[in-house]
Amino acid sequence: PDDYSFVYGDGYFTYNVVIAPGASVGYKADASGPGWDGWYIWDMPQLGTFIVQARDEFGNALNSGGEDVVVTFYFRNSTDVVEDSVLQTNVADMNDGKYNVTYETHLAGLYMVHVRVNSEEISNSNHSLQVFPDVSIPASSFGRTSCGTEQRPCVAGEALSLTVTSADQYNNEAVVG
């Protein structure tokens with residue numbers, strides 16, 4: 001809210017009028033911040049954060065708390081909610097119209113983030129977030145050969161193809177290089 005001054009009557013009387021925001025309207029609220037705007041995240045475990053700003057019908061930012069803010073992560077192209085064991089989420093009311101959302105995950109993938117304020121989707125809900133694997137480590141990486149089995153090993157002179165898949169400490173397979 002802003003302070004507005006206006007001159008009343010003959011110019012000798014000046015009144016300061018404070019315009020306060022109205023009641024919260026969920027679909028006018030919005031989210032922003034590094035854990036929202038980044039689109040993709042590197043480094044595991046990933047702790048992301050973003051802010052949800054509650055707004056009134058005219059888009060004015062609320063300056064008090066108490067709204068019901070719910071954040072839900074879905075796996076991309078799915079209606080399956082991401083379980084707390086995969087991704088933990090916390091919403092903290094800052095009591096100034098803002099809600100600090102933090103989340104942490106060890107599972108790489110593409111997520112859809114839905115945010116509701118007072119049971120209404122916010123203006124920029126249904127947001128995608130790409131989480132990439134951490135740095136690959138040898139202990140989580142593995143190889144496959146095109147010859148040999150448990151019953152019969154590879155034989156000298158036979159063609160051998162070896163495929164190595166690198167993975168991070170949480171067994172997320174590398175997606176690049």
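This structure is a prediction, so every number in the text was calculated from the model and none was measured.
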What is the minimum heavy-atom distance between [X] and [Y], and which atoms define it?
X: Ser24; Y: Leu62; value: CB-CD2, 3.6 Å
X: Leu110; Y: Ser128; value: CD1-CB, 4.2 Å
X: Asp56; Y: Gly22; value: OD2-N, 2.8 Å
X: Pro21; Y: Ala61; value: CG-O, 3.5 Å

- [ ] Could you check Val70 against Val91 for side chain to side chain contact (heavy atoms under 4.5 Å, CB included), going step by step and ending with a plain yes or no?
- [x] CA-CA 8 Å; Val70 176; Val91 178; over 6 Å; no
- [ ] Assess whether side chain to side chain contact (heavy atoms under 4.5 Å, CB included) is satisfied between Val113 and Trp36, documenting all intermediate values.
- [x] CA-CA 9 Å; Val113 187; Trp36 184 270; 3.7 Å; yes
TODO: Check whether the side chains of Asn100 and Thr49 place a donor and an acceptor atom closer than 3.5 Å, and report yes or no.
DONE: yes
Open item on the list: I'd like to check the ring-ring contact (aromatic ring centres under 6.0 Å, His included) partners of Phe75; sequence neighbours left out, ordered by chain and number.
Closed with: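 Expected list: Tyr111.
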Task: Val101 and Thr89: CA distance, side-chain angles, deciding distance, side chain to side chain contact (heavy atoms under 4.5 Å, CB included) verdict - done: CA-CA 7 Å; Val101 179; Thr89 305; 4.1 Å; yes
Open item on the list: With heavy-atom distances below 4.5 Å as the criterion, would you say the side chains of Ser64 and Asp96 are in contact?
Closed with: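 No. Closest side-chain heavy atoms not under 4.5 Å.
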Open item on the list: Could you check whether any side-chain heavy atom of Asn90 comes within less than 4.5 Å of a side-chain heavy atom of Tyr103, counting everything from C-beta outward?
Closed with: no
- [ ] Could you list the residues that satisfy side chain to side chain contact (heavy atoms under 4.5 Å, CB included) with Asp30, not counting sequence neighbours?
- [x]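 Counting only residues at least two positions away or on another chain, Asp30 forms a side chain to side chain contact (heavy atoms under 4.5 Å, CB included) with Gln53, Arg55, Ser123, Asn124.
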- [ ] List in chain and number order the residues that pass side chain to side chain contact (heavy atoms under 4.5 Å, CB included) with Gln88, two or more places apart in sequence or in another chain; answer none if no residue qualifies.
- [x]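 For Gln88 the side chain to side chain contact (heavy atoms under 4.5 Å, CB included) partners, ignoring immediate neighbours, are Glu104.
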TODO: Spell out, yes or no, whether Ile51 and Tyr99 are grouped together once hydrophobic residues are joined by side-chain heavy atoms under 4.5 Å, including indirect joins.
DONE: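 No, no single cluster joins them.
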Open item on the list: Give me each pair satisfying salt bridge (Lys or Arg N to Asp or Glu O under 4.0 Å) with a member in residues 107-126, each pair once, sequence neighbours excluded.
Closed with: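 Matches after skipping sequence neighbours: Arg116-Glu121.
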Task: Any pair counted as salt bridge (Lys or Arg N to Asp or Glu O under 4.0 Å), so long as it reaches residues 63-73, sequence neighbours left out - done: none
- [ ] Could you point out which residue of Val117, Asn118, Asp93 forms a side chain to side chain contact (heavy atoms under 4.5 Å, CB included) with Val69?
- [x] Val117
Open item on the list: Asn95: which residues meet the side-chain hydrogen bond (donor to acceptor under 3.5 Å, both in side chains) condition with it, sequence neighbours left out?
Closed with: none
Task: Pairing residues for Thr79 by the side-chain hydrogen bond (donor to acceptor under 3.5 Å, both in side chains) criterion, not counting sequence neighbours - done: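 Thr79 satisfies side-chain hydrogen bond (donor to acceptor under 3.5 Å, both in side chains) with no residue once adjacent residues are dropped.
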Task: Transitive ILVMFWY cluster of Met112, excluding itself - 4.5 Å side-chain cut-off - done: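 Tyr74, Val81, listed by chain and number.
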- [ ] Each residue besides Phe58 in its hydrophobic cluster should be listed here, by chain and number; the cluster joins Ile, Leu, Val, Met, Phe, Trp and Tyr at side-chain heavy-atom distances under 4.5 Å.
- [x]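 Other cluster members: none.
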Task: Check against side chain to side chain contact (heavy atoms under 4.5 Å, CB included), Phe50 and Val71 - done: CA-CA 11 Å; Phe50 62 88; Val71 178; 4.2 Å; yes
